[in-house]
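Worksheet for the structure shown next.
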Amino acid sequence: MDTSYRFDAIESDVQARWEAADAFRVVADDREKFYCLSMFPYPSGKLHMGHVRNYTIGDVISRYHRMCGRNVLQPMGWDAFGLPAENAAIKNGVPPAKWTRENIAAMRAQLKQLGFAYDWSREIATCDPSYYRWEQWLFTKLFEKGLVYRKESVVNWDPVDQTVLANEQVVEGRGWRSGALVEQRAIPQWFARITDYADELLDDLDQLDGWPEAVKTMQANWIGRSTGLEIDFAVAGQASESAEPLTVYTTRPDTLHGATYMALAADHPLVAARAATDPALAAFCEECRTAGTAEAELATREKKGYRLDIEAIHPLSGEALPVFVANFVLMGYGTGAVMSVPAHDQRDWEFATAYDLPIIPVVADVDGQAPDVSAAAAAEKGVLINSGEDDGKDFGAAFADIADRLEARGVARRKTQYRLRDWGLSRQRYWGAPIPIIHCDDCGPVAVPEADLPVELPEDVTPEGAGSPLPDMPEFVNVDCPACGQPARRETDTFDTFMESSWYFARFTCPDAGAMLDERADYWMAVDQYIGGIEHAILHLLYARFFQKLMRDVGLATHDEPFKALLTQGMVLKDGAKMSKSKGNTVDPQTLIETYGADTVRLFSMFAAPPDQSLEWSDAGVEGANRFLNRLWKLVAVHVEAGITAPASHAEGEAAELRRKVHETIAKVGDDVGRRYTFNTAIAAIMELVNALGRVEAAPGNALQAVRQEALEAVVAMLAPIAPHICDALWRALGHEGLVMDAAWPTADEGALVRDTLTLVVQVNGKVRARIEVPADADRDTVAETALADENVIRHIDGQRIKKTIVVPGKLVNLVV
RNA sequence: GCCCGGGUGGCGGAACUGGUAGACGCGUCGGAUUCAAAAUCCGAUUCUGGUGACAGAGUGCGAGUUCGAGUCUCGCCCCGGGCACCA
C-alpha cells in the first residue's frame, strides 16, 4: 500500500467503481425505504459553497441510511426556469435555453466530481416540456375545479423599458436598468386558491414532528389565522348620504370604544369615486400607488393621510369620526379600510400623533390604571375602561358582548380571517412554463385540452430586455379556440417558478411516468428527510405543502404532507459576511477540489459547524481537514504494513481500555450522525479516536493489533458517508472486498463500554474544588465520604457546618456550607 | 416595522435533559528532525496573579430563579433570515 495519500488517483478510481456497479440506481423493493432529498439548484453556472454544503449534508445522511440497510433514494435535478437566464440572454445574446442547458452540464460534472450518491437516471430539468406539461395539466384540472381564477393585481411597471419588473429589479423605487420611476399597474393575472387550504396548511403543521419549531412557527404566523369581527360603519357627510357603509375587520373589537378615526386604502371604491372630483385627492392617491406594496416598506414608511369630507358613524357611540385615505392601508389586504384605535395600536398611534387626532385609552394596564399613551400605544389586552356599559370586562367578555350587540343590530359579523393571500401564478416573462390557457372573444379563457399539452415554450429565442418576446410571436399567440374553433389568442404569461419546485420531489419517484405521477410515488413518498436553506422556510415550503394537497385531491397522491423531516441549512460565510461577487469574498469549490480533493472539501464542510448554523469558511481549516485524511491514510498504511488480522471481539487490560474508547466513539458517532445530525461533533470524536490510535504501539500478534484492526474498520466505516472515496480505498486496504457503503454501519458492544471507576467533580458552594475517583457502583454515602476526605475540599469547607450535600450520580458532588 | 433565529478563547466551534465552560480543528509560541527550509512529529496555549500547588474573573449587556445558569425567566444591545415577482 502506498504510504502517501494521493486523492486524485483514489477519487477517480473509486468513482469509476461506483459507475461500473451502477451503485446508486434504486428501484422499489421490500426493504424499508428512505427518501433523502436536497433542494435542487438553480443552474446558475457553477456550484457555490452553499451547494457543496447542502449536498454534502444530504449525501452523508443518504449514505448513512444505506449502511443501516435501507433502500435509499437520493435524486438530483435542476430548477431550470427563472430570471437569471433572461438576464444572461440580455447581457450575452445567448438564448436562455442554451445558456441553461450548458450550465446544467457544467454543474452536473461538478456534482459527480464531489462524489454524491445520486440516482442520475432520475434527473429532471424543469424547463423540459416532458416535466412542465404535467403542471400545465394540473393547472387545467384546477381550472375545472375553480381552484384557479383570474383577477386584477398590481405589478411593478417600468415605463421606459415597457416591462414588468420583479421586486429585486426595483432599486429605491426605480427600474434597475432604465432608472425610471417604477409605477404600479393593475393587470389581470391567475391566482391559486391557497386560502381555501389555509386551515389544513395550518392544522397539519402539528403532524410535522421532524420539522424545526422555528419553521413551523414562521409558517403559522404567515398563514395568520385570526378570529375577529367585521364591523360596518355608516357613512355620513355632505355629498354621500346614500353611500354604502364602510366595512372593517378587527381582531380587537374590545377596543372599539377607543376608535377615533378611520383609514381607507387609496384604491378603495369610495375613495376612487371622490377622487374623480377632487384633484388633490387624486394626486395623493397617485402618490400612494407609486410607492410599492412590499410589506416591509409599508410598515416603515412615513405615515401620510388625506382627510376626506365624509365621516363614519361609530356603531356604539353614534359619534361622527373623521375618515382619511392613508398610505399604509392597502386594498388587497382585508377590506381596504381600518378602524383606528390609536391608544392601542402603534401604527394608528403614529398616524394620530402626526395628524393631531384624539387618543383615548380604553384598556387598562396590569395595575388597572389608564395606560400612559403619551409616547407609544399600549397593545396589551386588559380590562376595559372609558367604555361605558363595557367597563370592567376583560378581553373575552368584551369581545363576546360587543359582537353579540352589533350582530343583533345586523352591523357586524364574527369572522375568521387569514393573513395568507392567494398565490399569484402569472409572470410576464419569457423563461418559464407557458400558462395553458387560450383567450377567446366569445368563450373567455379556455383551458388547453389535455391532448394539446404540453404548450411548448419556443426555445430558439433571445430576449433583448423590452419584456417577454412571447406576445410578439404570432406563431405562438395565434391559435383556434378549443371550445368554438374561432381564432383566439394564447395566454403569453408564464408560471411563477415556484410552480416547478412545488412538485419535483414527487416526480423524482417516477420521472418517466406517462402521467403526472404513478404508483411508484406511493412507495417512495413522503420525503423522509428534506434539506435546504432556511431562506425557503416560508414560500417554497408552503407552496410545496399546498401542491401535495392539490395532487392528493385530484387523486394522484396519498400523503397529506410531502416532507416528514426538514433540515434547514445555515449560510456559508467568508469573513463574517455572505459570499457574493460584489463583496469579492467568494470561494470557488472547484479550485479547492482540485487542490485538496473532494473528500477534504466534504470533510471540512461537515466539520466547520453544525448544519443548521451559519458556516464561516476558512482556507486554513481546509488544510487541517486534509492533514487529518493524510494522517488517517498513514495510520492505516502502518497498520497494514504490520499485518492485517481479524478484528478484536474482546480485550483485556490496556487493550480493553483502547477498545472501550473505540466503542464509546461508535456509540457517540452513531448518535451524532443518525439522530442529532451534528456531523461536526461526530468528526471530532473520530479524530480523537484516530489520535489515540496513533499513540498505540501495536505489533503483529499483539492484543492491541486486533483492537487496532477493529478500530480502523470502525473509523473507516463511520467516516465513509462523509469522505467516501478515501474510505472506500482504505476499506479494501484493511482486507475487505467490495464497497464500504455496502458494509454495515458499526454498532457499539455494550460489554466494551463498562467502567470500573468514575471520575466525579467535587464542588463546595457550587465551585469546583477537586476531582475524585470512585468505584462505578459506589452509593451516595461512599461518594460523599470520599469527597469529604479530599485535602482541597477540607481546606475550603474550613470547619464550617455542611448544610446540604447534593450528589448527581456519575457527575458531581456539591457540598453547601 | 412585523415574524423567526443567533451572539462562548486570537479564530471556527464543543458543552445533547439546569451539573467539570472551552472537546475537536485552526492559528500562535516552544522543541525534535533538517546544512537550511517546506512537510512531518512532540509539547504549551481563556484572561489575571503566583516558580508552583492554587486562587480570582469569565459564555453580547443588565436584573432574576436555583445548592448550582452558556443552558431557564424578564428587560435591553448587536448580527443574520423572511416579508408574497431573486431562487
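Below, read A as the first sequence line, B as the second, and so on, with proteins coming before strands; counting in each chain starts at 1. Computation of the quantities below employed the complete heavy-atom set of this structure, encompassing side-chain atoms and omitting hydrogens, waters and symmetry-equivalent molecules.
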Using a heavy-atom cut-off of under 4.0 Å over every strand shown, decide if A:H536 touches base, sugar-phosphate, or nothing.
base
Across the strands shown, which category fits A:M218 at heavy-atom distances under 4.0 angstrom: base, sugar-phosphate, nothing?
base
Indicate syn or anti for B:G9, taking the glycosidic torsion and treating anything within 90° of 0 as syn.
syn
Touch check for A:Q189, heavy atoms < 4.0 angstrom, all strands: base, sugar-phosphate only, or nothing?
base
Identified side-chain contact (heavy atoms from CB on, under 4.5 Å) counterpart of A:F679 within the set A:I57, A:L603, A:T56
A:I57
With sequence neighbours excluded, what pairs up with A:F498 under the ring pair (Phe, Tyr, Trp, His ring centres under 6.0 Å) test?
A:Y543
Under 4.0 Å between any heavy atoms, over every strand shown, what does A:K634 touch: base, sugar-phosphate, or nothing? Just pick one.
nothing
Contact class for A:V808 vs. all strands (heavy atom < 4.0 Å): base, sugar-phosphate, or nothing?
base
Ring centroid separation A:F328 to A:F351 under 6.0 Å
yes
Quick one: list whatever passes ring pair (Phe, Tyr, Trp, His ring centres under 6.0 Å) with A:Y596, sequence neighbours left out.
none
Would you indicate, yes or no, if B:C83 has its OP1 or OP2 atom less than 4.0 angstrom from a side-chain nitrogen or oxygen of A:N167?
no
Given pairs defined as Watson-Crick or G-U wobble with both distances under 3.5 Å, what dot-bracket annotation applies to RNA chain B, with ( ) intrastrand, [ ] crossing, | other strand and . unpaired?
(((((((..(((......[....)))((((((.......))))))((((....))))..(((((..]....))))))))))))....
Mind checking if A:W222 touches a base, just sugar-phosphate, or nothing, with heavy atoms under 4.0 Å?
base
Just checking A:L812: base, sugar-phosphate only, or nothing, at a heavy-atom cut-off of under 4.0 Å?
base
Below 3.5 Å is the cut-off: list the nitrogen or oxygen pairs between protein and nucleotides 64-67 of chain B, distance only.
from  : atom 1 : to     : atom 2 : distance (Å)
B:C67 : O2     : A:N814 : ND2    : 2.5

Side chain of A:L83 (C-beta onward), nearest among B:A84, B:A87, B:U20
B:A87
For A:R419 and B:C3, is the shortest distance between a side-chain N/O and OP1 or OP2 below 4.0 Å?
no
Candidate list A:W423, A:F546, A:F547, test ring pair (Phe, Tyr, Trp, His ring centres under 6.0 Å), partner A:Y197, passing option:
A:F546
Fit a plane to each ring of A:Y504 and A:F40, take the angle between them on a 0 to 90° scale, and name the class: parallel (under 30°), tilted (30 to 60°) or perpendicular (over 60°).
parallel
Base, sugar-phosphate alone, or nothing: which one does A:F628 contact when heavy atoms must sit under 4.0 Å apart?
nothing
What is the nucleic acid contact for A:L420, judged by heavy atoms within less than 4.0 Å: base, sugar-phosphate only, or nothing?
base
Mind checking if A:M571 touches a base, just sugar-phosphate, or nothing, with heavy atoms under 4.0 Å?
sugar-phosphate
Of all the choices, B:U20, B:G5, B:C83, which nucleotide is nearest to the side chain of A:L539 once you look at every atom?
B:C83
Assign A:N792 to base, sugar-phosphate, or nothing according to its heavy-atom contacts below 4.0 angstrom with the strands shown.
sugar-phosphate
Report yes if the distance between the aromatic ring centroids of A:F81 and A:Y42 is under 6.0 Å, otherwise no.
no
With a 4.0 Å cutoff (strictly under), does any side-chain N or O of A:N630 reach OP1 or OP2 of B:A39?
no
Taking the six-membered ring where the residue is Trp, are the ring centres of A:W503 and A:Y131 under 6.0 Å apart?
yes
Does B:A55 have OP1 or OP2 sitting under 4.0 Å from an N or O in the side chain of A:H796?
yes
Only counting residues at least two apart or in another chain, list the ones meeting ring pair (Phe, Tyr, Trp, His ring centres under 6.0 Å) with A:W78.
none
Shorter than 3.5 Å, N or O on both sides, protein versus nucleotides 13-17 of chain B: list them out with atom names.
from  : atom 1 : to     : atom 2 : distance (Å)
B:G13 : OP1    : A:S614 : O      : 3.3
B:G13 : O3'    : A:N680 : ND2    : 3.4
B:A14 : OP1    : A:N680 : ND2    : 2.9
B:A15 : OP1    : A:R676 : NH1    : 3.2
B:A15 : OP1    : A:R676 : NH2    : 2.9
B:C16 : O4'    : A:R676 : NH1    : 3.4
B:C16 : N1     : A:R676 : NH1    : 3.4
B:C16 : O2     : A:R675 : NH2    : 2.8
B:C16 : N4     : A:K668 : NZ     : 2.8

Those residues at least two apart in sequence (or on a different chain) that pass salt bridge (Lys or Arg N to Asp or Glu O under 4.0 Å) with A:K661 are A:E688
If you restrict it to nitrogen or oxygen atoms, what contacts under 3.5 Å exist between nucleotides 74-79 of chain B and the protein, and what is each distance?
none

With the sugar-phosphate defined as primed atoms, P, OP1 and OP2, and the base as all remaining atoms, what B/S/- string results for nucleotides 26-31 of chain B, 5' to 3', for protein heavy atoms under 4.0 Å?
SS----
What residues, two or more places apart in sequence or in another chain, satisfy ring pair (Phe, Tyr, Trp, His ring centres under 6.0 Å) together with A:Y430?
none
Pairs meeting criterion salt bridge (charged side-chain N to carboxylate O under 4.0 Å, His left out) with involvement of residues 182-196 of chain A, two or more places apart
none
Indicate, with a heavy-atom threshold strictly under 4.0 Å, whether A:V155 touches base, sugar-phosphate, or nothing.
base
side-chain hydrogen bond (donor to acceptor under 3.5 Å, both in side chains) pairs touching residues 757-768 of chain A, sequence neighbours excluded, are A:T757-A:E773, A:T759-A:E773
With a cut-off of less than 4.0 Å, is there a side-chain N or O of A:K803 near OP1 or OP2 of B:G68?
no
